[in-house]
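The structure presented is a predicted model; accordingly, all values stated were derived computationally and were not measured. In what follows, chains are A, B, ... by sequence order, proteins preceding strands, each numbered from 1.
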Protein chains: 2
Amino acid sequence: MKTIGKLAKELSINVETVRFYERKGLIVQPLKPDSGYRIYDNTHVNQLKFILKAKALGFTLDEVASLMSLSGSCADVESMGLQKLRLIREKISDLQRLEQVIQDMTNSCKANQDPNSCPIINSLS
Amino acid sequence: MKTIGKLAKELSINVETVRFYERKGLIVQPLKPDSGYRIYDNTHVNQLKFILKAKALGFTLDEVASLMSLSGSCADVESMGLQKLRLIREKISDLQRLEQVIQDMTNSCKANQDPNSCPIINSLS
DNA sequence: TTAAACTCCGTATATAGGTACAGAGTCAAC
DNA sequence: GTTGACTCTGTACCTATATACGGAGTTTAA
């Protein structure tokens, strides 16, 4: 049982972020006694840890919400994982192509003898 | 000599985008006769093509602005390219680590026999 | 008992890169 | 000479993920 400040500190996140996640429906509504202060327990801590880990894996908050609602169904969770995997691989190969292009460009810069022109700028123009 | 609509169509971009780039100082101010209509020539077309190509390579608009202002100095341009290259490589290896983690997770899902629990969810909780 | 620290709510701000819209003016074709 | 397409400016809105702030109420510690 802790207030929002303690909770946020424990998880090294911002108080505002906790309220933001609550507004987004990512965590269960905390108890609110007469004072109006939110009171959290371990359920909330665990939910927030889940969110933070999933986020670190590159899931968006909307995807995190889906993951949490799918908890039971392993097949559905796996399918989200596979979809994410496809996106990641696509991103990787996009970046590798890009790497090659910029690599070539900077190489031609290195080889350039003319101080008054730049092969990169020329190739963009 | 063309109005903004023709220009935008030629480059397959939005009219608003052209004005947006103008506000950001990315393109030279076009002529504006009495009518107030912007009039563009090939200089503008080339500048916009430059912007679009650089953007496609992953440069931000602020970086594009720098690139354009550096036009003369090949060494400076090369150095921006190399910096971008470092970022790209870092991103690639981040994504490759992520790929491995999610790959492992989905594999353990595939191997899972218990329909009432999911290894991915469990590893996040 | 009072001051500091904490929390509340609602709203504004931030980033990046645009997109959309209202209301007015202009141009071109028939 | 009128209609429809085009353009103008200025401002608001969009996504995603928060962060910051004002003004009021609450709790805690000395």
Side-chain angles (χ1 to χ4, degrees), chain A residues 1-27 29-41 44 47-68 80 84 87-88 91 94 98, chain B residues 1-27 29-41 44 47-68 80 84 87-88 91 94 98:
Chain A
M1 299 305 184
K2 50 200 96 176
T3 56
I4 198 168
K6 297 266 171 55
L7 177 76
K9 192 163 187 187
E10 180 177 337
L11 295 167
S12 303
I13 57 179
N14 201 306
V15 164
E16 321 281 348
T17 305
V18 177
R19 282 199 283 256
F20 174 68
Y21 287 168
E22 181 185 322
R23 277 204 298 285
K24 290 220 83 175
L26 289 173
I27 53 178
Q29 283 283 123
L31 227 67
K32 275 195 194 174
D34 290 350
S35 72
Y37 281 22
R38 291 168 178 79
I39 301 296
Y40 298 93
D41 61 23
H44 301 100
Q47 283 187 333
L48 281 167
K49 282 185 180 167
F50 182 103
I51 295 167
L52 296 176
K53 284 186 204 166
K55 230 166 51 77
L57 288 178
F59 288 94
T60 67
L61 295 184
D62 284 352
E63 288 168 337
V64 174
S66 301
L67 277 175
M68 294 177 94
M80 279 194 68
K84 206 76 200 168
L87 281 178
I88 289 168
K91 241 187 216 170
D94 282 354
L98 191 54
Chain B
M1 299 304 186
K2 50 200 94 173
T3 56
I4 198 167
K6 296 268 172 55
L7 177 76
K9 191 163 187 189
E10 180 177 336
L11 295 167
S12 302
I13 58 179
N14 202 306
V15 164
E16 321 280 349
T17 304
V18 178
R19 282 198 283 254
F20 174 69
Y21 288 169
E22 182 184 322
R23 277 204 298 287
K24 290 219 81 175
L26 288 172
I27 52 178
Q29 284 281 123
L31 225 68
K32 276 193 192 174
D34 291 349
S35 71
Y37 281 22
R38 291 168 177 80
I39 300 297
Y40 298 93
D41 61 23
H44 301 100
Q47 283 187 332
L48 282 167
K49 282 186 180 167
F50 183 104
I51 296 168
L52 297 176
K53 284 186 204 166
K55 230 165 51 76
L57 289 178
F59 288 95
T60 66
L61 294 185
D62 283 353
E63 289 168 336
V64 173
S66 300
L67 278 176
M68 294 177 95
M80 279 193 67
K84 206 76 200 168
L87 281 178
I88 289 168
K91 240 189 217 169
D94 282 354
L98 191 56

- prompt: Within a radius of less than 6.0 Å around NZ of A:Lys91, do more than 12 heavy atoms belonging to other residues, nucleotides or ligands occur?
  reply: no
- line: Atom CZ of B:Arg38 and atom P of D:dC6 are separated, to the nearest Å, by 17 Å
- line: What one should report as the nearest heavy-atom pair of B:Val64 and B:Ile51 is CG1-CG1, 3.9 Å
query: Taking only N and O in the side chain of B:Lys6, is any of them less than 4.0 Å away from OP1 or OP2 of D:dT7?
result: no
query: Which sits closer to the 5' end of DNA chain D, A:Thr17 or A:Gly36, going by the nucleotide each is nearest to?
result: A:Thr17
Side-chain heavy atoms of A:Tyr21 within contact of A:Leu61, under 4.5 Å: yes
d(CD1, A:Ile4; P, D:dT27) in whole Å: 15 Å
- line: Whole-Å distance, B:Phe20 CZ to D:dT9 C1', equals 17 Å
Whichever of A:Tyr37 and B:Tyr21 has its nearest DNA chain C nucleotide further upstream toward 5': A:Tyr37
- prompt: Base, sugar-phosphate, or nothing: which does B:Lys9 touch, judged by heavy atoms less than 4.0 Å apart?
  reply: nothing
- line: On a heavy-atom basis, the closest approach of A:Pro30 and A:Glu22 is CD-OE1, 3.6 Å
query: Expressed in angstrom and rounded to an integer, what is the separation of B:Glu16 atom CD from D:dC14 atom P?
result: 16 Å
- prompt: Do B:Leu31 and B:Asp41 have side chains that get closer than 4.5 Å, going by heavy atoms?
  reply: no
query: B:Ile39 has an atom CD1; how far is it from atom C1' of D:dC8, in whole Å?
result: 13 Å
- line: Between CD1 of A:Ile51 and C1' of D:dT17 the distance, given in whole Å, is 13 Å
task: Mind checking ring pair (Phe, Tyr, Trp, His ring centres under 6.0 Å) for B:Tyr40 and listing every partner two or more places apart, or none if nothing turns up?
output: B:His44
message: If you compare every side-chain N and O of B:Thr3 against the phosphate oxygens of D:dT7 (OP1, OP2), does one of them come in below 4.0 Å?
response: yes
message: Using whole Å, what does the distance between atom P of nucleotide D:dT19 and atom CG of A:Asn14 come to?
response: 5 Å
Which atom of A:Leu11 lies closest to which atom of A:Lys49, heavy atoms considered: CD2-CG, 3.8 Å
- prompt: Can you check the A:Ile13 CD1 to D:dA20 P distance for me, whole Å?
  reply: 14 Å
- prompt: Contact boundaries of DNA chain C with chain B (under 4.0 Å, heavy atoms), 5' to 3'?
  reply: C:dG17 to C:dC27
message: Check this one for me: any side-chain N or O of A:Arg19 less than 4.0 Å away from OP1 or OP2 of D:dA20?
response: no
query: Within the structure shown, what part of the strands sits under 4.0 Å from B:Lys24 by heavy-atom distance: base, sugar-phosphate, or nothing?
result: nothing
query: Closer than 4.0 Å, any side-chain N/O of B:Lys32 to the OP1 or OP2 of D:dT9?
result: yes
